[in-house]
Amino acid sequence: MAVLSFMAINFYLLFSYSKVSAAADTITSSQNLTDGKTLISKNGSFELGFFSPGQSNNRYMGMWYKNIPVQTIVWVANRQKPIKDLSGLLLIDSSTGNLVLSQNKTVVWAATLKRKAQNPVLQLLDSGNLVLREANDENSENFLWQSFDYPSDTLLPGMKLGKDFRNCLDRQVTAWKNQYDPSPGNLTWAMKVNSYPEPLMWQGSKKVFRSGPWNGVQYSGKPTFRPHPIFDFRYFNDGNEVYYMILLVNKSKIARMTVNQTTNSQHHLVWLEAKQRWDRLASVPRDFCDSYGACGPNGNCNIKRVPSCECLRGFKSKSPERWNALDYSEGCVRNKLLNCKNDGFVKYIGMKVPDTTNSWLNERMTRNECREECLNNCSCMAYTNSDIRDGGSGCVMWFDDLNDLRVQPDAGQDLYVRVPASELENNDGLKWKIGVILGSASVIISAMLVVLCYRCRSRKNLKADGAMLGYTSEEQKEDLDLPFFDLSKITTATNNFSMDNKLGEGGFGPVYKGKLGDGQEIAVKRLSRSSGQGLNEFKNEVILIAKLQHRNLVKLLGCCIQDEEKLLVYEYMPNKSLDSFIFDQTQRRLLVWSRRHDIICGIARGLLYLHQDSRLRIIHRDIKASNVLLDSEMNPKISDFGLARAFGGDQSAANTEIVVGTYGYMAPEYAMDGNFSTKSDVFSFGILLLEIVTGKKNSGFYCPNDSLNLIEYAWNLWREERPLELIDEYIEENCNLSEVHRCIHISLLCLEQHPQDRPSMSSVVVMLGSDAVLPQLRQPGFFIGEHLHGESSSPFKNSTTSVNGLSNTVPEAR
Ligand SMILES: *[C@@H]1O[C@H](CO)[C@@H](O)[C@H](O)[C@H]1NC(C)=O
Ligand SMILES: *[C@@H]1O[C@H](CO)[C@@H](O)[C@H](O)[C@H]1NC(C)=O
Ligand SMILES: *[C@@H]1O[C@H](CO)[C@@H](O)[C@H](O)[C@H]1NC(C)=O
Ligand SMILES: *[C@@H]1O[C@H](CO)[C@@H](O)[C@H](O)[C@H]1NC(C)=O
Ligand SMILES: *[C@@H]1O[C@H](CO)[C@@H](O)[C@H](O)[C@H]1NC(C)=O
Ligand SMILES: *[C@@H]1O[C@H](CO)[C@@H](O)[C@H](O)[C@H]1NC(C)=O
Ligand SMILES: *[C@@H]1O[C@H](CO)[C@@H](O)[C@H](O)[C@H]1NC(C)=O
Ligand SMILES: *[C@@H]1O[C@H](CO)[C@@H](O)[C@H](O)[C@H]1NC(C)=O
Ligand SMILES: *[C@@H]1O[C@H](CO)[C@@H](O)[C@H](O)[C@H]1NC(C)=O
Ligand SMILES: *[C@@H]1O[C@H](CO)[C@@H](O)[C@H](O)[C@H]1NC(C)=O
Ligand SMILES: *[C@@H]1O[C@H](CO)[C@@H](O)[C@H](O)[C@H]1NC(C)=O
Ligand SMILES: *[C@@H]1O[C@H](CO)[C@@H](O)[C@H](O)[C@H]1NC(C)=O
C-alpha cells in the first residue's frame with residue numbers, strides 16, 4: 001500500500017513536472033496543447049493558449065501579452081469556429097505535418113502551409129509570432145507558416161500589413177465583431193495596391209479612412225509626431241511585396257495598433273507601465289475631414305473653416321441646393337471644361353493627396369517632367385512628387401475626379417491641380433494657394449554645368465592588366481581601348497549624382513543621366529560599394545565586358561574606379577527601356593507588330609552573341625524588359641550583361657549559391673537550385689517574348705487564381721488551340737498573324753520545364769527568321785498544376801533574390 005501511494009506521489013510529481021514543461025515556447029509533433037496549458041515565448045513576453053473573451057463561454061485559441069494584467073488578445077486562430085467546451089487540442093498532425101486545432105477529433109481550424117513539413121515544430125517567438133518551422137531551420141525565410149501572415153485585429157511591431165505576391169498573401173487587419181466575439185467584423189485595414197499603393201480602412205466594401213500613400217517621409221493623410229516617440233513607421237515596395245510596418249523605437253516598450261468595430265476606428269496604443277493601462281496615442285479617423293470623401297469628388301475639406309467643404313478652384317458644386325444643405329456627397333464639377341491646350345495648374349500646399357485608385361506613378365521623373373507629362377495628357381487632373389525628400393522627386397498623376405482631399409498642414413504635401421488658363425486670371429481667393437504656374441509659360445531650367453574639358457586619362461596603357469588575363473599580345477592591343485574617366489568629370493556631368501538625373505535603379509546600383517563637356521549624353525551606372533572583389537579583378541572584368549561589342553548590346557564607353565566609387569559609363573539610350581513601352585497604356589500603341597518583331601529578333605541576336613559568338617560566353621542571368629534599352633531608332637540593346645560576372649558572381653561554375661535575377665523571369669532550375677546555363681537565359685527570353693506579344697507582364701505571382709500568371713495563361717490558350725487570343729489588343733489589327741503565332745510557339749519552346757528541351761539561342765534566331773516547321777511542345781511552365789498552396793512543394797524553396805545588397809530587381813512603376 002505504502003509503495004503504491006509512494007508511486008502515486010511520484011506519478012503526481014512527474015505529471016506536474018510535465019505540466020510545467022508544457023509552459024515552454026515550443027511543441028513538437030509528438031506533443032500537443034490542451035485547454036489549460038499554454039506556450040510562453042522565451043523571454044516571457046507572449047503567451048499562447050485557450051481563452052474566453054469577456055463573459056462568453058466559447059473557447060478560442062489565441063495569443064496575449066504574458067506580463068500585462070489586462071487581458072489583451074493580439075491574435076486568434078479559430079476566429080469563426082469557437083470550441084464550446086474544454087476539449088480543444090492544438091497539435092501538429094503527424095501524417096500531414098500541418099498545424100491543427102481540433103475538438104473531439106473534428107478539425108476546427110488548420111494552418112495553410114507553404115509546403116509539406118518533414119520534422120516540424122511549433123514555436124512562439126518573443127515578437128508575438130507563432131511559427132511552424134522545420135526543427136533544424138530557424139531561418140525566418142523558411143518558415144512553413146507564421147501567424148504574422150494571418151493577422152487578427154492587431155498589428156504588432158514587426159508585422160507586415162500588405163501583399164506578398166510571390167506567396168499570394170494579403171495580410172490585413174480585421175476588427176472583432178464585438179468585444180465578446182472575435183469573428184471577423186466589417187472593419188478592415190488593408191493595403192490597396194494601385195499604381196501608387198496606399199493603406200486603406202474599409203467598412204464592408206465602403207472606404208472609411210485613407211491615410212494617404214507613403215511620400216518618403218510619412219503618410220500624407222495621417223499626421224504623426226516626428227520623430228515619433230513610440231513607433232518607427234516603414235513602407236516597403238519592390239514589386240514582389242508591398243507593405244506597411246511599425247517597429248518600436250524603444251524595444252522595451254509595449255505598443256500595438258488595432259482596429260475596433262465598436263468605435264469604428266484604428267487605434268495606436270502604448271502600455272503605460274506606471275498606470276498599468278493602455279494609453280491611446282492616436283485614433284483615426286479623427287474628424288469630419290478624415291471620413292472618406294467628406295466633401296465629395298473634387299471637393300476640398302478644411303477642418304479650420306466653417307463650413308469645412310469647398311470646391312477646388314475652377315470647380316463649382318454639382319448640386320448647389322444639396323451643397324448648401326450641407327450634403328456634399330455629389331461634390332464639385334468644373335466651371336469650364338478643360339480645353340486641353342491652354343491649361344495651367346493651381347498649387348495647393350499642405351494637402352493630403354487624392355485617392356490613388358486612378359493614378360499613375362513614375363519614380364524616375366522630376367517634377368518638371370511630371371508637369372509636362374500631365375499637360376500632355378488631357379485626362380490628367382493633378383500631379384505631384386511621389387517622394388518629397390530632398391526637394392522632391394518622382395511623379396504621380398491623377399485621372400478622373402479627385403477624391404478624398406483635405407488640407408493637412410502638418411503632414412501634407414504640394415498638389416498641382418489642373419485648371420484652364422482662364423480660371424487662373426482672377427488670382428485672388430484662396431488663401432493657401434501660393435503660386436500659379438501657367439502651362440504656356442515655359443520654365444527654362446538652365447543647367448549650370450561647369451564645362452570641364454574632356455581631358456581624361458583615356459587610352460591609358462593597360463598592358464599590365466591585359467597581361468594578367470593571359471591573352472595573346474594581339475588581343476592585348478584591343479584591350480587598351482577602354483577610357484578611364486575622372487570622377488570629377490562624371491560628378492559634374494551628372495550634377496553630383498542628383499536625384500533629378502537619376503534614370504532608375506538597376507540590378508547593381510542606380511543609373512544616372514549625364515552630359516559630358518562636349519555635349520555627349522551618357523548613362524552612368526554607380527555600382528553598389530559592397531563587392532568583395534579586388535580592384536584589379538574588377539578592372540579586368542570590366543575591360544573584358546568593354547570588348548563585347550554588338551549592335552544589340554549597350555555600348556560601354558568607359559569606367560571610373562576612384563576612391564570608393566566604381567562607375568560604368570554607357571551610351572545614353574533616349575527611348576529608355578522596353579518595359580516603358582510594352583507595359584504602358586499610351587506608349588504601347590507606338591509599338592506596332594513589325595517593330596516588335598524587329599525588337600524580338602534584335603534581342604535574340606544580342607543574346608546569341610553573348611552566349612556563343614563573343615569570346616567570353618556570357619550568361620546574362622537577368623534578361624527582362626527593363627534590361628532591354630531602346631536607341632533613337634528603337635533598336636533594342638541589352639544592358640547589364642556581364643555584370644553578374646564582374647561583380648562577384650562566379651560564372652564559370654554551373655551552380656551558384658547567390659541567385660541573382662528577377663522573379664517572374666527565372667528558370668525553375670535556377671530559382672530552385674541555383675543551376676544556371678545558357679538555357680536559363682533562354683527561359684527568360686521566352687518570358688520576355690511572351691510579354692512583347694501580349695503586352696502583359698508576367699508578374700511572377702504564382703497565385704492559383706492569378707490571371708497574370710502569363711505562362712499558364714498562354715499554355716492553356718495554346719492547348720485549347722486559340723493562342724491568338726494572347727495578342728496585345730493594340731497590335732491585333734495589322735499584324736502578321738502567322739508570324740505572331742510562330743513567336744508564341746517559340747516562346748513556349750523556350751519555356752519548357754527541362755533545360756534540355758529548350759532550344760539554344762542560335763536555334764531561336766534561326767526559327768525566328770525562317771518558315772521551317774517548329775518542334776512540338778512538351779511541358780511548358782513548370783508550375784502548371786503545382787501551386788504553393790497545394791501539397792506540392794514550393795518551386796522557390798531556397799532562392800534569394802539579393803545577397804550583399806545586390807538586389808536584382810528593378811523597382812518598376814506599374
Ligand atoms: C496529448 O499529449 C498527451 C501527453 O502529452 C497524451 O497523453 C495525449 O494522448 C495527447 N493527445 C493526443 C490526441 O495526441
Ligand atoms: C465526441 O464524439 C463522440 C462520438 O462522435 C460523441 O459521442 C461525444 O458526445 C462527443 N463529445 C463532445 C464533447 O462533443
Ligand atoms: C473596442 O472599443 C471598446 C470601447 O473602447 C472596448 O470596450 C472594446 O473592448 C474594444 N473591442 C475590442 C475587440 O478590443
Ligand atoms: C458593420 O457592423 C456594424 C455593427 O456590427 C453595423 O452597425 C454596420 O452597419 C455595419 N456596416 C456595414 C457597412 O456593413
Ligand atoms: C526604453 O524604455 C525603458 C523603460 O521604459 C527605459 O528604462 C529606457 O531608458 C528606454 N531606453 C531608451 C534608449 O530610451
Ligand atoms: C522579449 O523580446 C522582445 C523581442 O526581442 C522584446 O521586444 C521584449 O522587450 C522582450 N520582453 C521582455 C519581457 O524581455
Ligand atoms: C493618359 O494617361 C492614361 C494613363 O496612363 C492613359 O490611359 C491615357 O490613354 C492617356 N491619354 C492620352 C491622351 O495620352
Ligand atoms: C557633391 O556631393 C558631395 C556629397 O554629398 C559634396 O560633398 C560635394 O560638395 C558636392 N559637390 C558639388 C560640386 O556639389
Ligand atoms: C525615340 O527617340 C527619338 C530620339 O529621342 C525620338 O525622336 C523618337 O520619337 C523616339 N521614339 C519613340 C517611339 O518614342
Ligand atoms: C541542378 O543541378 C544538380 C547537379 O547538376 C542536379 O542534381 C539537380 O537536379 C539540378 N536541379 C534542377 C532543378 O534541375
Ligand atoms: C535547398 O534547400 C534544401 C533543403 O531545404 C537543401 O538540401 C539544398 O541543398 C538547398 N539547395 C541549395 C542550392 O542551397
Ligand atoms: C479561385 O477563384 C474561385 C472563384 O473566383 C474561388 O471559388 C476559389 O476559392 C479561388 N481559389 C483560391 C485558391 O483562391
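Both ligands and their constituent atoms are indexed starting at 1 by order of listing.
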Starting from the N and O atoms of ligand 9, collect every protein N/O partner closer than 3.5 Å and put each pair on its own line with the distance to 0.1 Å.
residue, atom, partner, partner atom, Å
ligand 9, 2 (O), Asn575, OD1, 2.6
ligand 9, 2 (O), Asn575, ND2, 2.7
ligand 9, 11 (N), Asn575, OD1, 3.4
ligand 9, 11 (N), Asn575, ND2, 3.4

Subject >> Location of contacts on Lys253 toward ligand 5, heavy atoms closer than 4.0 Å >> reply: side chain

Subject >> Spacing of CD belonging to Gln179 relative to CD belonging to Gln55, to within rounding of 0.5 Å >> reply: 8.0 Å

Original post:
What atoms of ligand 5 come closer than 4.0 angstrom to any heavy atom of Ser252?
Top reply: 1 (C), 2 (O), 3 (C), 4 (C)

**OP:** Identify, by atom number and element, the atoms of ligand 3 in contact range of Asn260, meaning under 4.0 Å from any of its heavy atoms.
**Re:** 1 (C), 2 (O), 3 (C), 8 (C), 10 (C), 11 (N), 12 (C), 14 (O)

**OP:** On the 0 to 90° scale, with breaks at 30° and 60°, tag the Trp189-Tyr244 ring pair as parallel, tilted or perpendicular.
**Re:** perpendicular

**OP:** Please round to the nearest 0.5 Å and tell me the distance separating atom OG1 of Thr38 and atom CE of Met61.
**Re:** 9.5 Å

Original post:
Under 4.0 Å between a Lys/Arg side-chain N and an Asp/Glu carboxylate O for Arg171 and Asp149?
Top reply: yes

Original post:
Side chain, backbone, both or neither: which part of Arg280 has a heavy atom under 4.0 Å from ligand 3?
Top reply: side chain

Original post:
What about the rings of Trp75 and Tyr60, do their centers lie closer together than 6.0 Å?
Top reply: no

Original post:
Are Arg596 and Asp598 ion-paired here, with the side-chain N under 4.0 Å from a carboxylate O?
Top reply: no

Subject >> Shortest non-hydrogen contact from Met201 toward Pro285 >> reply: CE-CD, 4.1 Å

Original post:
Going by the angle between their ring planes, with limits at 30° and 60°, are His268 and Phe231 parallel, tilted or perpendicular?
Top reply: perpendicular

